[in-house]
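First the structure, in the form of structure tokens, and then the observations on it.
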Amino acid sequence: MKESIENLLDRALDQLIADGLIETKPALQITRTKDAAHGDFTCNVAMMLAKQAGKPPREVAQAIIDTLVDALGENDAIEKVEIAGPGFINFFLAQESTLNIINDILAGGDRFGESNAANGEKVQIEFVSANPTGPLHVGHGRGAAYGATLASLMRAVGFAVDCEYYVNDAGRQMNILGTSVWLRYLELNDVKFDFPINGYKGDYIYDIANSLKAEHGESFVFSAEEVFQGISADEPAGGDKEKHIDGLIERAKALLGPDNYQIIFKAALNSILNDIRQDLEEFGVHYDCWYSEQTLADRGLIQKAIEQLQKAGHIEKRGGALWFLSTKFGDEKDRVVIRDNGQATYFASDIAYHMDKFDRGYQRLINIWGADHHGYVARVKAAIGALGAKQEQLDILLVQFANLYRSGERVQMSTRSGSFVTLRELREEVGNDAARFFYVMRKCEQHMDFDLDLAKSQSNDNPVYYIQYAHARICSVINQLSEKELKHDIENGAKNLNLLTEKHETELISKLDAYADMLHKAAFNAEPHLLVHYLRELATLLHSYYNAHQFINEDNNLHDARFNLIIATRQVLKNGLTLLGVSAPEKM
RNA sequence: GCGCCCGUAGUUCAGCUGGAUAGAAUAUCGGUCUCCGACACCGAAGGUCACAGGUUCGAAUCCUGUCGGGCGCGCCA
């Protein structure tokens, strides 16, 4: 519909140019009206042209409409066109043309709303990618819900989306994890010492240590003297906690030997990674690929990436280190990729990782990061620019942290003290549906307050229940049919849609008609919250309609038409909830 | 100090590629169940769009500055 209005106006503007009234055409903006009194669609082009035409906007609008008269006569879908306000051109659609959406929805079923607007363009979305050093917490949850929902939305408009989790299974943090597990294992074997201040202290570390003990007995036991002799003091003893833990890592490797160290390291990694996978799977977040950072080094890709940058002249040696000249690509300072001790930096891995994404055939990348990583945006974009890609091929979306509130009080969290709320705890407390819904309720760059009491309340305050109830309510009405031994004839309903003339009905139909446009916008702008708001509005219209009119009606034609309408509404509610990863229950 | 994000009703948030009277939920107040699920509906009230300039037919929206909040500025990951 929007397209045909656009065509009409485009032809009208051509005519105005031919008449010499204007010289150039601005980009047409045709939008749905907010107020039904303004018709169905509106265009502001007359106001945009007022200046170059040298006439008041309303006169320009009149000139446009005058050239449209013939075309409008032939167009059955548009009932009338009006000039309103400062110079808006408002289009009022004929009832019949919007009624058809009901048939479209019933025919489309679960796939209604989908399109191929993106023509199957291949996209990779990388999200969560939390270090496998502990369970996911509620901060990761927002990225998970947002990424998974964005993937669904983009698939719905025709992108070929792959979801990926980058596993940081290399580097110092992982060694600290492995060493922490080993130390806890020693404790379980009655070795006495002070646990390092910088080690991982969560209960899950004990769990891993316990299974290690069960499987390997005392094979990894050493005395406290062997472990701590010559290690620089920890912070409470007046030393440097970083040096202390690094010393312990080296000691672990030396005492255990590479094979046994790997056994412990892998046990820790696999245990936590499996936990993360299971957690996300239960949350309805699915990945196509779990990409290991370690394999980048193993396959020589870090080397390859740096060589490629070197060949292109973007690497410089300063002191003993290799620097990537990222300032040439918009970064605020150059960055080290190989330290003077020969070790590659984390950033070097990141460069290789993104190079490999392009090598795997993705032309468009989306990274979803926590907002605390915004300082890395410029350098990663610089890197892909230096590798010969366009910076626009990578979108980095930043998700703000969510603050939890319980009983009106902010839930204090800190990783250091280990007092963070895990995603699993959140899911158990409020349920997957509410968690998925609440996380995407707000724009991602907006700080959000997550009200736990509201999320788990089964009341009218809770928007999840409000929408789900609209769906269940329609199911319930349909059940009434068989209980009352009544029927619904879809064919007859389709023939009698023109009986749906109540205000509640036209508003509902108009909202259904807006679904596909909304989906398109939500997907292309990466704004799942638009779908949340849409579903709430749709549910409101349904509830109002329900309270104002009886669907089961003595007039069979009206009865059938109304059932076509509410079944279509149920379908759209279900499709939308499904995209959000929220269930559409038939009873609650 | 520099950089990024944010500031809209008592509260939580939409609206931001400039458009009509700034919307919704919640809280508050008042109504609606002999009727398909009241987990709902109807109504009232609630605003210096942080502040000050600027751009123009028109600014919550764009620009500049100020104030306030969050985050980031390692040869860490």
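Quick note: numbers below take in every heavy atom, side chains included, and nothing from hydrogens, waters or symmetry partners. Reminder, nothing fancy here: chain letters follow the sequence lines and each chain counts from 1. Note that this is a predicted model, so its numbers are computed, not measured.
- Contact check for Lys511(A) versus Thr569(A): no side-chain heavy atoms found under the 4.5 Å cut-off.
- Proximity of Val380(A) to Trp369(A): side-chain heavy atoms (C-beta onward) are separated by under 4.5 Å at one or more points.
- Within 4.0 Å of Ala50(A), counting heavy atoms only, lies no atom of the nucleic acid at all.
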Output one line per pair: protein atom, nucleotide atom from nucleotides 42-47 of chain B, and distance, for all N/O pairs under 3.5 Å.
from	atom 1	to	atom 2	distance (Å)
C42(B)	OP1	Ser544(A)	OG	2.9

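- Atom C1' of A60(B) sits at a distance of 11 Å from the matching atom of G47(B), rounded to the whole Å.
- Both Tyr346(A) and Asn44(A) sit near RNA chain B, but only Asn44(A) has its closest nucleotide nearer the 5' end.
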Practice task
With ring pair (Phe, Tyr, Trp, His ring centres under 6.0 Å) as the test, would you mind laying out the steps for Tyr534(A) and Tyr515(A) before giving the verdict?
Solution key: CA-CA 8 Å; Tyr534(A) 173 88; Tyr515(A) 180 68; 5.5 Å; yes

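- Judged purely by distance below 3.5 Å, without hydrogens or angles, the side chains of Asn168(A) and Gln173(A) never pair a donor atom with an acceptor atom.
- Across U28(B) and C36(B), the matching C1' atoms stand 32 Å from one another, rounded to whole Å.
- Residue side chain Ser349(A) does not reach the base of A77(B) through any donor-acceptor N/O pair under 3.5 Å, judged by distance alone.
- Residue Phe551(A) places its side chain closer to C36(B) than to any other of C36(B), C13(B), C76(B).
- There is no side-chain donor-acceptor pair under 3.5 Å between Ser457(A) and Tyr465(A).
- Residue Phe401(A) is out of contact with every strand shown, counting any heavy-atom pair closer than 4.0 Å.
- Residue-environment remark: CD (Glu586(A)) stays at or below the threshold of 12 foreign heavy atoms within 6.0 Å.
- The side chain of Arg172(A) lies closest to A77(B), out of C71(B), C41(B), A77(B).
- Of the candidates C13(B), C76(B), C4(B), C13(B) carries the atom nearest the Met448(A) side chain, counting heavy atoms from C-beta on.
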Short N/O separations, protein against nucleotides 32-35 of chain B, under 3.5 angstrom:
none

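- Base pairing annotation: C2(B) forms a Watson-Crick or G-U wobble pair with G72(B), both donor-acceptor distances under 3.5 Å.
- For Ile552(A), counting side-chain heavy atoms from C-beta on, the closest listed nucleotide (G69(B), A14(B), C36(B)) is C36(B).
- Side chain of Arg410(A) to backbone of Asp449(A): no donor-acceptor contact under 3.5 angstrom is found.
- Comparing the same atom, P, in C62(B) and in C5(B) gives a spacing of 11 Å after rounding to whole Å.
- Among the protein residues, His447(A) comes within range of the nucleic acid bases, having at least one heavy atom under 4.0 Å from a base atom.
- Looking at Asn90(A), its side chain comes within 3.5 Å of the base of A20(B) through a donor and an acceptor atom.
- Of all nucleotides present, none satisfies the Watson-Crick or G-U wobble test against A45(B) with each distance under 3.5 Å.
- Taking only side-chain nitrogens and oxygens, Tyr376(A) never comes nearer than 4.0 Å to OP1 or OP2 of G3(B).
- C62(B) is paired with G54(B) under the criterion used here, namely a Watson-Crick or G-U wobble arrangement in which both key atom distances are under 3.5 Å.
- Checking C75(B), C6(B), C4(B) against every side-chain atom of Gln446(A), the shortest atom distance belongs to C6(B).
- The base of A40(B) is not paired with the side chain of Tyr465(A) by any donor and acceptor separated by under 3.5 Å.
- Distances shorter than 4.0 Å separate some side-chain N or O of His529(A) from OP1 or OP2 on G15(B).
- Of the candidate nucleotides A77(B), C71(B), A40(B), A77(B) has the atom lying nearest to any side-chain atom of His373(A).
- Set against A14(B), G72(B), C41(B), the side chain of His374(A) has G72(B) as its closest nucleotide.
- Using atom P as the reference point in both G7(B) and U12(B), the two lie 13 Å apart (nearest Å).
- For the P atoms, the distance from G43(B) to C35(B) is 23 Å, rounded to whole Å.
- When all heavy atoms are compared, the tightest approach of Ala523(A) to Leu150(A) is O-CD1, 4.1 Å.
- Within the nucleic acid shown, Lys333(A) comes within 4.0 Å of sugar-phosphate atoms alone, with no base atom in reach, counting heavy atoms only.
- Across all strands, Asp372(A) comes closer than 4.0 Å only to sugar-phosphate atoms, never to a base (heavy-atom distances).
- Side-chain contact of His488(A) with Asn564(A): a donor-acceptor pair under 3.5 Å is present, judged by distance alone.
- For Asp340(A), taking side-chain heavy atoms from C-beta onward, the closest of the listed nucleotides G3(B), A38(B), C75(B) is C75(B).
- Side-chain atoms of Glu505(A) come within 3.5 Å of backbone atoms of Glu502(A) as a donor-acceptor pair (strictly under, hydrogens ignored).
- Proximity note for Gln480(A) (side chain, C-beta onward) versus C36(B), A14(B), A40(B): the nearest is C36(B).
- Salt bridge annotation for Arg379(A)-Asp350(A): absent, with no cationic side-chain nitrogen under 4.0 angstrom from a carboxylate oxygen.
- Going from atom CG of Leu558(A) over to atom C1' of C36(B) covers 14 Å, rounded to whole Å.
- Between Lys241(A) atom NZ and C76(B) atom P the separation is 16 Å, expressed in whole Å.
- On the P atoms, G1(B) is 29 Å away from A9(B), given to the nearest whole Å.
- As judged by a 4.0 angstrom heavy-atom cut-off over every strand, Asn131(A) is placed among residues touching the sugar-phosphate backbone only.
- Note on Gln468(A): nothing from the nucleic acid sits closer than 4.0 angstrom, heavy atoms only.
- Taking atom P in both G68(B) and U26(B), one finds a spacing of 35 Å when rounded to whole Å.
- Residue Asn553(A) is out of contact with every strand shown, counting any heavy-atom pair closer than 4.0 Å.
- Remark: A25(B) base-pairs with U11(B); criterion is Watson-Crick or G-U wobble with both hydrogen-bond distances under 3.5 Å.
- Regarding contacts with the backbone of C36(B), every side-chain N or O of Arg562(A) stays at 4.0 angstrom or more from both OP1 and OP2.
- If you check G74(B), C5(B), A25(B) against the side chain of Arg536(A), the one that comes closest is A25(B).
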Output one line per pair: protein atom, nucleotide atom from nucleotides 56-61 of chain B, and distance, for all N/O pairs under 3.5 Å.
from	atom 1	to	atom 2	distance (Å)
C57(B)	OP1	Lys51(A)	NZ	3.4

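- Here Ala84(A) lies in heavy-atom contact (under 4.0 Å) with a base.
- No aromatic stack links His533(A) and the base of A14(B), using centre distance under 5.5 Å and interplanar angle under 30°.
- Comparing the P positions of U8(B) and A50(B) gives a spacing of 6 Å, expressed to the nearest Å.
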